[in-house]
> 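Questions regarding the structure given below will be posed in turn.
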There are 2 protein chains.
Amino acid sequence: MKTASDAEFHRSPGPWPGDLAPAPLEGTAPSPESSGPFRSVGFTLSSIGHAVSRRFREILAPLELEPREFALLRGVSAAEGQTQHAIGGRLQIPPSRMVAFVDALEARGLLERRLNPEDRRTRALHLTDAGRDLLDRAFSVALAYERDLTADLGADEREQLLDLLHRVGARLSLRPGVHAATADSALADE
Amino acid sequence: MKTASDAEFHRSPGPWPGDLAPAPLEGTAPSPESSGPFRSVGFTLSSIGHAVSRRFREILAPLELEPREFALLRGVSAAEGQTQHAIGGRLQIPPSRMVAFVDALEARGLLERRLNPEDRRTRALHLTDAGRDLLDRAFSVALAYERDLTADLGADEREQLLDLLHRVGARLSLRPGVHAATADSALADE
DNA sequence: TATTGTTATACTCTATAACTATA
DNA sequence: TATAGTTATAGAGTATAACAATA
């Protein structure tokens, strides 16, 4: 049993260990269109997803913003004035982690905690003008990145890709255990 | 400047911070520019890649094998008898990390270090029978997972997906800096 | 002097749980 | 008694550098 959410703000599950072809390490460079006869969708998805995240982190770096900080600014922007608890809950950030994130962004003047006279335990989060400004810039960076990523795709291909991805993604949201693809079944025949 | 490789055995770049639609947290999206169903390829790739990795870790867990350990076993299997240094180099595992990984797998009797009389600094890595056995089982689990992931796709759709993914992936292997999509450009117009 | 493998150290990240102040 | 936010603590993971043995 997993304890709780293992969603966005939690530790990454780590990389995929390589393609399924038995001996890909010899010979030529790991070029994307290498001569492998079998290419795993799982491997490809995992490594491209990894690369997409890494690159996004890189292009966001000049704004001195981590992806998760971007996400938090977005979360505040989308629910301005809500409590730290509520916003953290939506992003599945544990309370104790929220403190550090908000501290850092508040210290940079990007958002602020406001006291609520009606419930003096809570802190309402608001973006500052600087925060809104930076969030706008981060958005435009993210949009440029998105355009760049899909620059070689026609509009129809882009839709096709998203459709196929969602169909694969739908397989993943099924609960584990009802699948044949667990190592338990491999253990069974030992 | 990055120090060196940030490939498979290094810390994950972390999750994508959410889709690009400005206000996705409320009930229905009152998004002004991207009316409704704008879905970012970057977001989708990142989150599905994440989910694929996480699930793979889960289905491998009954074998008491982490994805990276699976990768290392594969690496040894593909280059049996080569030095720890050489195999680690191919998988881009820093030397000091190799020690711990090999220690753990050797302690479980899955691989062994053999001394090389011709160069007594080096350790040649070999799989044991148990290691080969476990690797086989891990492979069959990975193949079942792959089949499950793509169960809703026809053979042609599968090829199409891989093709589209590789075309997006090709955008990522370009060096950063030559892109328009860096936050530097957003900084420029402040 | 360079290289292979090892060990040691320091640092980051984060999960957990105590703690406070309110309610 | 329960909740919002904070602080403290401990543990995992890992990058870096020092190190020993060998070339």
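Labels below follow one simple rule: chain letters A, B, ... track the order of the sequence lines, proteins then strands, and each chain is numbered from 1. Side-chain atoms are counted along with the backbone in the values below, which use heavy atoms only and exclude waters and symmetry mates.
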> Would you kindly check whether a donor in the side chain of B:T122 faces an acceptor in the base of C:dT3, or vice versa, at under 3.5 angstrom?
no

> What's the verdict on side-chain hydrogen bond (donor to acceptor under 3.5 Å, both in side chains) for A:E146 and B:S40, showing C-alpha distance, side-chain angles and the deciding distance?
CA-CA 7 Å; A:E146 172 75 10; B:S40 155; 2.8 Å; yes

> Provide, to the nearest angstrom, the distance between the CZ atom belonging to A:R123 and the C1' atom belonging to D:dT6.
9 Å

> What is the distance, to the nearest angstrom, from the CZ atom on B:R97 to the C1' atom on D:dG13?
7 Å

> For B:R120 and D:dA20, give me the distance from atom CZ to atom P, rounded to whole Å.
17 Å

> Taking OP1 and OP2 of C:dT14, is either one under 4.0 Å from a side-chain nitrogen or oxygen of A:R68?
yes

> Does a distance-only test, which skips hydrogens and angles, find a donor-acceptor pair under 3.5 Å between the side chain of A:S96 and the base of C:dT16?
yes

> Could you tell me whether a side-chain N or O of B:R108 sits under 3.5 Å from a main-chain N or O of B:E64, the two making a donor and an acceptor?
yes

> What I want to find out is whether B:R114 reaches B:E80 closely enough, with some N-O distance under 4.0 Å, to be called a salt bridge.
no

> Could you state the CZ-P distance from B:R121 to C:dT6, rounded to the nearest angstrom?
13 Å

> Once you round it to whole Å, what is the distance between P of D:dG5 and CD1 of A:I87?
9 Å

> Between B:I87 and B:Q82, what is the shortest heavy-atom contact and its length?
CD1-O, 3.9 Å

> Rounding to an integer number of Å, can you tell me how far B:D119 CG sits from D:dA21 P?
16 Å

> Tell me: CD of B:E66 to C1' of D:dA12, nearest whole Å?
11 Å

> Write down the distance between CD (A:Q82) and P (D:dA4), rounded to a whole number of angstrom.
13 Å

